[in-house]
Amino acid sequence: AYENQTFVELLADDGLVVLARGLGLNRLFIKFLKLYSDPRTLVLVINTSNKQEGYFCNELRKGGVEYTPKVITNEYSAKERETLYLMGGTLFVTSRILLLDLLRKQCPIEKVQGLLVYNAHKVTDSATEAFILRLYRQNNKVGFVKAFSDSPEAFTNGFCQLERVMKNMFLKHVYLWPRFHATVSAALSRHQFSDSVRLCYLLQLS
């Protein structure tokens, strides 16, 4: 229930979702990747690792998604990258490459429907991603920004760390889902009860 509520809230209003670790951030992120895996859109995904990109693409393929995201690295020439941007869809882009393409006007920033920012707690004042978001928002006033993190403890390091990260991403809304949230707690309790029933059943069979 809390996963669906989080999805609906973030879809309706841009913001930062902070889930407690283990509450399914990957599943939530995959829902948004599925939603925007369409060549009629252009959505850029930043701040993911190679391992995470491989995992997400594999899960989307297993889920039957036809247009899985492409991963743009320096293996593509500038001209090839420009073509990929124009082809649309969801693209994983390394921050260094995207910043370069934005500065060189090779990425049609005005046509970008939105940015998905993973590991959002790492978007500090000096991060490349913060510069990318600044360029994006200066040149595109209507595109969305949706950010994701499952490291709530990272926002407690330093003075007003959460507020600074939010400011770096030009976001006003934060969606906090700790384990003690009533909806989360109820969902976890149901799972624990189900697991207990299943265990008792298996013990009876043995």
Item to check | Gap separating the CG atom of N139 from the CG atom of L135, nearest 0.5 angstrom | outcome: 6.5 Å
Next on the checklist: Is it the case that the side chains of N4 and K31 hold a donor-acceptor pair, with the cut-off being a distance below 3.5 Å and no angle test?
Outcome noted: yes
Checklist entry - Salt bridge or not for R21 and E153, using N-O below 4.0 Å? => result yes
Checklist entry - Side chains of Y67 and D38: does their closest heavy-atom pair fall under 4.5 Å? => result no
Checklist entry - Heavy-atom distance under 4.5 Å between the side chains of F155 and S149, does that happen here? => result yes
Checklist entry - Step by step, would you call F92 with I72 a side chain to side chain contact (heavy atoms under 4.5 Å, CB included)? => result CA-CA 6 Å; F92 289 106; I72 296 183; over 6 Å; no
Checklist entry - Where do V45 and V93 land on the side chain to side chain contact (heavy atoms under 4.5 Å, CB included) test, with the steps shown first? => result CA-CA 6 Å; V45 185; V93 194; over 6 Å; no
Next on the checklist: Looking at every heavy atom in both L42 and G88, which two are closest together, and how far apart are they?
Outcome noted: CD1-CA, 4.2 Å
Checklist entry - Just how far is it from atom CG of L84 to atom SG of C107, taken to the nearest 0.5 Å? => result 11.0 Å
Item to check | K105 atom NZ: more than 12 heavy-atom contacts under 6.0 Å | outcome: no
Checklist entry - Of all heavy-atom pairs between I30 and E59, which one has the smallest distance, and what is that distance? => result CD1-CB, 3.7 Å
Next on the checklist: Restricting to non-hydrogen atoms, name the atom on T41 and the atom on Y36 that form the minimum distance, rounded to 0.1 Å.
Outcome noted: OG1-O, 3.2 Å
Checklist entry - Is there a side chain to side chain contact (heavy atoms under 4.5 Å, CB included) between V71 and T94 once you walk through the steps? => result CA-CA 8 Å; V71 181; T94 61; over 6 Å; no
Checklist outcome for this item: Value for CG (L98) from CD1 (I132), rounded to nearest 0.5 Å, stands at 4.5 Å
Item to check | Cluster check L102, L86: I/L/V/M/F/W/Y, side chain < 4.5 angstrom | outcome: no
Checklist outcome for this item: The reported gap from CG in N58 to CD in E53 (rounded to nearest 0.5 angstrom) is 13.5 Å
Checklist entry - Taking atom types as modelled, is there a side-chain donor on Y118 or N26 under 3.5 Å from an acceptor on the other? => result yes
Item to check | Backbone of A154 reached by a side-chain donor or acceptor of S151 within 3.5 Å | outcome: no
Checklist entry - Tell me, do V112 and V43 make a side-chain contact under 4.5 Å, heavy atoms counted? => result no
Checklist entry - If you round to the nearest 0.5 Å, how far is CZ of R137 from CG of L171? => result 8.0 Å
Item to check | Minimum-distance pair of heavy atoms, taken over all atoms of C57 and P69 | outcome: SG-O, 3.7 Å
Next on the checklist: Would you say the rings of F144 and F32 are close, in the sense that their centroids are separated by under 6.0 Å?
Outcome noted: no
Checklist entry - So how far is it from L100 CG to T128 OG1, rounded to the nearest 0.5 Å? => result 11.5 Å
Checklist entry - Using 30° and 60° as the class limits, which term best fits the ring planes of F56 and F29: parallel, tilted or perpendicular? => result tilted
Checklist entry - Are side-chain N/O atoms of N119 and Q52 paired as donor and acceptor at under 3.5 Å? => result yes
Next on the checklist: Would you say that more than 12 heavy atoms from the other residues, nucleotides or ligands in this model lie under 6.0 Å from the CD of Q138, or not?
Outcome noted: yes
Next on the checklist: For R61, I'd like to know if atom CZ has over 12 heavy atoms of other residues, nucleotides or ligands within 6.0 Å.
Outcome noted: yes
Checklist entry - Does any non-hydrogen side-chain atom of L44 lie less than 4.5 Å from one of L116? => result no
Item to check | Carboxylate-amine/guanidinium proximity below 4.0 Å for K122 and E129 | outcome: no
Item to check | Side-chain heavy-atom pair D125, N168 within 4.5 angstrom cut-off | outcome: yes
Next on the checklist: In the structure I gave you, are the side-chain heavy atoms of M169 and V117 within less than 4.5 Å of one another anywhere?
Outcome noted: yes
Next on the checklist: Pair L16, H173 - check side chain to side chain contact (heavy atoms under 4.5 Å, CB included), show working.
Outcome noted: CA-CA 6 Å; L16 164 64; H173 302 291; over 6 Å; no
Item to check | Exercise: identify the closest heavy-atom pair between L19 and G24 | outcome: CD1-C, 4.0 Å
Checklist entry - Are side-chain heavy atoms of L115 and Y136 found at a separation under 4.5 Å? => result yes
Checklist entry - Are V165 and H121 side-chain neighbours, meaning at least one heavy-atom pair lies under 4.5 Å? => result no
Checklist outcome for this item: Closest non-hydrogen contact found for A78 with Q106 is CB-NE2, 3.2 Å
